[in-house]
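Here the structure comes first, spelled out in structure tokens, and everything after it is commentary.
What you see below is based on every heavy atom in this structure, not just the backbone, and it leaves out hydrogens, waters and symmetry mates. Small disclaimer: the values here were computed from a predicted structure and weren't measured. Residues take their numbers from the sequence shown, with the count starting at 1.
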Amino acid sequence: MGLGPRSAHKARRQFSGAGRRGRAARGSGRPPPGRDGYPRLPAAARAEQAPEALPHLSPEALGYFRRALSALKVAPDAAEERELMARNILKEVEAQALALATNRTGSEMLQELLGFSPLKPLCRVWAALRPNLRFVACHRCGVHVLQSALLQLPRLLRRPAEAEEEEEEEEEGGPSQTLEELVLGLAAEVCDDFLFFCGDTHGSFVVRTLLQVLGGTLLESERGKPRGSQSSETQRTSARECKPTDFEVPKTFLNRLQDLSACFLKDIAVFITDKISSFCLQVALQVLHQKLPQHCAHLCDAVIDYLSSRNSSADGSPLLLFLRDQTSSRLLEQVLLVLEAERLQRLYKDHFQGQLCSLAEHPIANFPLQRLLDAITSPELLSLVFEELSPALEMVLAQGHPGVVVALVEACRRVWTHQAQVLQLLFEAFHCAEPPSRQAACVPLFAALLAYEVYYELMEEEGAVPAEHQVEMATARALREVTVLGSLLLQHLLYFSNPGLVLRSLSALTGPQLLTLAQSPAGSHVFDAILSSPSVTHKQRRRVLKTLKGQYVALACSRHGSRVLDAIWSGAALGARKEIAAELGEKNQELIQDPFGHHVARNVALTTFLKRREAWEQQQSTVAKRRRALSSILED
């Protein structure tokens with residue numbers, strides 16, 4: 001499996017972490033979106049005129065709402081008091097809703113206010129925006145207000161019906177639309193001009209959020225993205241709350257979701273080839289896959305049928321051309337992830353078979369290939385893919401696409417087959433298969449994604465017999481930077497049925513090298529796999545972790561190392577805890593003054609350990625008993 005000379009200066013075996021998707025990277029080879037001959041949205045449909053008399057938000061009004069929001073944030077936690085305050089503020093918002101929504105600062109404040117809003121005040125603010133809904137949805141600030149309003153549905157739909165009835169009785173003024181009616185009204189307006197909303201840079205965000213709300217599921221990938229002009233504090237809050245959420249929705253929502261899915265079918269060519277519109281179809285596939293699988297299958301078939309009917313590629317299926325396209329390749333990735341197993345196998349045989357190596361080396365097509373590997377669940381399909389792709393692993397790494405290799409290793413872990421074979425191929429690709437002594441160096445090589453002679457800066461002539469691994473040289477060298485994909489590779493290997501060779505390499509690392517791995521943002525997650533993999537025995541785990549003895553203080557005073565130490569502490573027996581506490585106790589003052597170390601000292605109860613050893617041991621024994629009892633309950 002060689003690509004040329006084995007010398008470091010002639011063949012730099014540096015397998016870069018280019019597997020991350022850098023779509024705009026220089027020299028990525030991605031063609032510009034909107035190829036000639038592909039249907040595009042009309043230019044006239046890209047613009048939307050503002051209302052003739054756009055209301056102006058005065059500095060005084062802006063100052064009032066800023067002070068009101070600050071007061072609401074520090075209001076007492078009692079639900080009734082905070083809700084009453086929110087009602088009063090939002091009553092003032094109604095008259096200036098459009099001005100607030102289209103002002104950058106006002107939009108940010110209104111988004112936060114909606115997070116506190118009870119049901120009826122939110123409906124009234126939404127109703128105030130409805131006459132200008134099209135303009136607000138396509139406004140760079142207004143779109144985020146609509147998104148925020150839609151994202152309140154999981155919270156508001158969980159409220160008991162009785163509370164809603166009481167709320168309606170207490171409200172003054174004429175009757176207003178219900179939240180369900182407002183959402184369905186928005187969906188109807190979007191459905192009437194579907195291409196416009198999906199093709200607009202800002203309007204497409206409303207469509208994507210609306211699809212999730214109608215389906216009763218908030219996708220993690222969508223919730224994790226900062227929404228436009230939010231403040232940094234709001235963005236951090238959104239990131240912390242980034243969890244997939246399913247919630248009950250009325251049947252009318254799912255009916256409207258079916259209508260929107262039919263809109264995609266009417267203009268499938270646009271949604272495949274237009275960059276902005278394609279994002280809406282990708283979200284629709286994820287939502288439909290969870291809620292309406294049959295409709296998802298129809299959309300997938302429509303995408304594949306359309307792409308398969310285009311002009312044939314010079315080297316096989318017409319689909320191959322679109323796998324190399326910037327826009328349609330992203331859509332195909334999502335199609336691969338939601339296809340049923342039978343359809344996926346048929347797709348592979350019709351379009352992918354015989355082309356995997358060329359796809360793996362392509363700067364764009366390697367990403368859909370990774371998704372194909374992610375979607376494989378059957379040993380039969382994995383065997384076909386493995387047989388075709390395995391001879392090219394070193395070439396794929398040399399091309400800078402390690403994500404393909406990581407995806408293949410993960411598939412072997414998930415399907416529980418070809419594990420020993422893929423590990424041997426990795427040894428060969430990183431030039432540590434022969435002589436066998438080199439296998440002890442596999443962990444640093446995999447972590448850094450560097451071949452043996454590059455990592456150790458050796459000069460080897462082409463065709464020469466590889467030298468034996470020099471332990472002294474390896475232990476004297478500091479661990480190189482750990483890449484994200486290298487860390488993922490090691491984590492998957494540790495979950496193999498027999499991770500013995502990888503664990504032996506980990507045991508060969510020195511204390512400082514293992515410390516560097518634990519302190520690395522990416523490398524620290526390797527310890528998660530060591531501690532949680534069912535394939536790693538207690539004896540193997542202890543052999544690796546004992547090398548950290550003497551490094552506990554440095555671990556405790558590191559952002560990522562302290563997290564590793566906490567994880568080790570959680571699973572440690574009483575004897576191991578005594579050793580850790582004794583070592584940390586020698587630097588108690590240093591730990592207390594360190595921003596990360598003082599958390600570790602508190603977790604270990606270091607003060608109690610130093611002053612009242614018997615009480616500390618009794619406390620730790622009690623904690624251990626509780627942990628064992630909880631573990632037995634969970635196993636049952």
Side-chain angles (χ1 to χ4, degrees), residues 48-153 155-156 167 170-174 176 179 182 201-203 205-206 209 225-241:
E48 175 66 11
Q49 297 297 321
E52 291 183 5
L54 186 64
H56 173 69
L57 190 66
S58 67
E60 292 78 11
L62 197 61
Y64 164 75
F65 287 115
R66 182 182 287 112
R67 292 191 300 273
L69 178 60
S70 299
L72 184 60
K73 287 180 177 178
V74 298
D77 291 335
E80 291 183 4
E81 293 185 33
R82 178 168 288 193
E83 187 171 302
L84 180 61
M85 186 178 291
R87 286 174 185 276
N88 293 334
I89 298 171
L90 287 164
K91 195 169 185 62
E92 299 292 332
V93 166
E94 290 176 35
Q96 304 192 62
L98 183 59
L100 275 167
T102 53
N103 177 280
R104 179 175 179 178
T105 304
S107 171
E108 292 176 2
M109 292 192 293
L110 186 50
Q111 290 173 63
E112 291 194 72
L113 281 169
L114 292 177
F116 293 102
S117 175
L119 176 61
K120 295 304 292 184
L122 182 138
C123 290
R124 291 184 181 278
V125 172
W126 191 325
L129 293 173
R130 187 167 184 181
N132 300 295
L133 197 59
R134 184 183 176 96
F135 170 68
V136 174
C138 300
H139 189 277
R140 63 192 181 96
C141 300
V143 58
H144 303 300
V145 173
L146 280 182
Q147 275 189 289
S148 182
L150 284 166
L151 291 172
Q152 303 310 314
L153 263 77
R155 171 174 64 89
L156 296 175
E167 207 172 58
E170 293 172 3
E171 288 291 335
E172 297 179 359
S176 61
L179 185 60
L182 288 166
T201 303
H202 305 299
F205 282 93
V206 173
T209 308
K225 296 176 183 176
R227 297 195 298 279
S229 57
Q230 287 182 324
S231 64
S232 58
E233 180 182 352
T234 306
Q235 290 178 11
R236 287 194 296 271
T237 303
S238 299
R240 286 197 300 270
E241 296 175 351

Between [X] and [Y], which heavy-atom pair has the shortest distance, and what is it?
{"X": "Ala86", "Y": "Pro118", "result": "CB-CD, 4.2 Å"}
{"X": "Leu179", "Y": "Cys123", "result": "N-SG, 3.6 Å"}
{"X": "Ala127", "Y": "Pro131", "result": "O-CD, 3.4 Å"}
{"X": "Lys73", "Y": "Phe116", "result": "CG-CZ, 4.4 Å"}
{"X": "Trp126", "Y": "Leu153", "result": "CZ3-CD1, 4.5 Å"}

Please report the interatomic distance [atom1]([X]) to [atom2]([Y]), rounded to the nearest 0.5 Å.
{"X": "Glu112", "Y": "Ser70", "atom1": "CD", "atom2": "OG", "value": "9.0 Å"}
{"X": "Leu151", "Y": "His144", "atom1": "CG", "atom2": "NE2", "value": "12.0 Å"}
{"X": "Arg140", "Y": "Arg104", "atom1": "CZ", "atom2": "CZ", "value": "7.0 Å"}
{"X": "Leu119", "Y": "Arg155", "atom1": "CG", "atom2": "CZ", "value": "9.0 Å"}
{"X": "His139", "Y": "Leu146", "atom1": "NE2", "atom2": "CG", "value": "11.5 Å"}
{"X": "Lys120", "Y": "Arg87", "atom1": "NZ", "atom2": "CZ", "value": "10.0 Å"}

*asked:* Are Ile89 and Leu69 packed together at the side-chain level, in the sense that at least one heavy-atom pair is separated by less than 4.5 angstrom?
replied: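 With C-beta onward as the side chain, the pair stays apart.
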
*Which residues satisfy the side-chain contact (heavy atoms from CB on, under 4.5 Å) test with Thr105, sequence neighbours excluded?*
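Once residues adjacent in sequence are excluded, the partners of Thr105 under the side-chain contact (heavy atoms from CB on, under 4.5 Å) criterion are Leu62, Arg66, Asn103, Met109.
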
*Mind checking what makes side-chain contact (heavy atoms from CB on, under 4.5 Å) contact with Ala128, not counting sequence neighbours?*
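Partners of Ala128 by the side-chain contact (heavy atoms from CB on, under 4.5 Å) criterion, ordered by chain and then number, come out as Ala97.
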
*Determine the sole option in Val145, Leu72, Leu122 for which the side chain to side chain contact (heavy atoms under 4.5 Å, CB included) test with Leu113 is passed.*
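Exactly one option meets the side chain to side chain contact (heavy atoms under 4.5 Å, CB included) with Leu113, and it is Leu72.
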
*asked:* Using the ring pair (Phe, Tyr, Trp, His ring centres under 6.0 Å) criterion, which residues pair with His202? Sequence neighbours excluded.
replied: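 Counting only residues at least two positions away or on another chain, His202 forms no ring pair (Phe, Tyr, Trp, His ring centres under 6.0 Å).
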
*Counting N and O atoms only, with roles assigned by atom type, does the side chain of Glu92 sit under 3.5 Å from a partner on the main chain of Asn88, one being a donor and the other an acceptor?*
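Checking the backbone N and O of Asn88 against the side chain of Glu92, no donor-acceptor pair under 3.5 Å is found.
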
*Who are the side-chain hydrogen bond (donor to acceptor under 3.5 Å, both in side chains) partners of Gln96, not counting sequence neighbours?*
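None.
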
*Would you check, one step at a time, whether the test side-chain contact (heavy atoms from CB on, under 4.5 Å) holds for Thr102 with Phe135?*
CA-CA 10 Å; Thr102 53; Phe135 170 68; 3.7 Å; yes

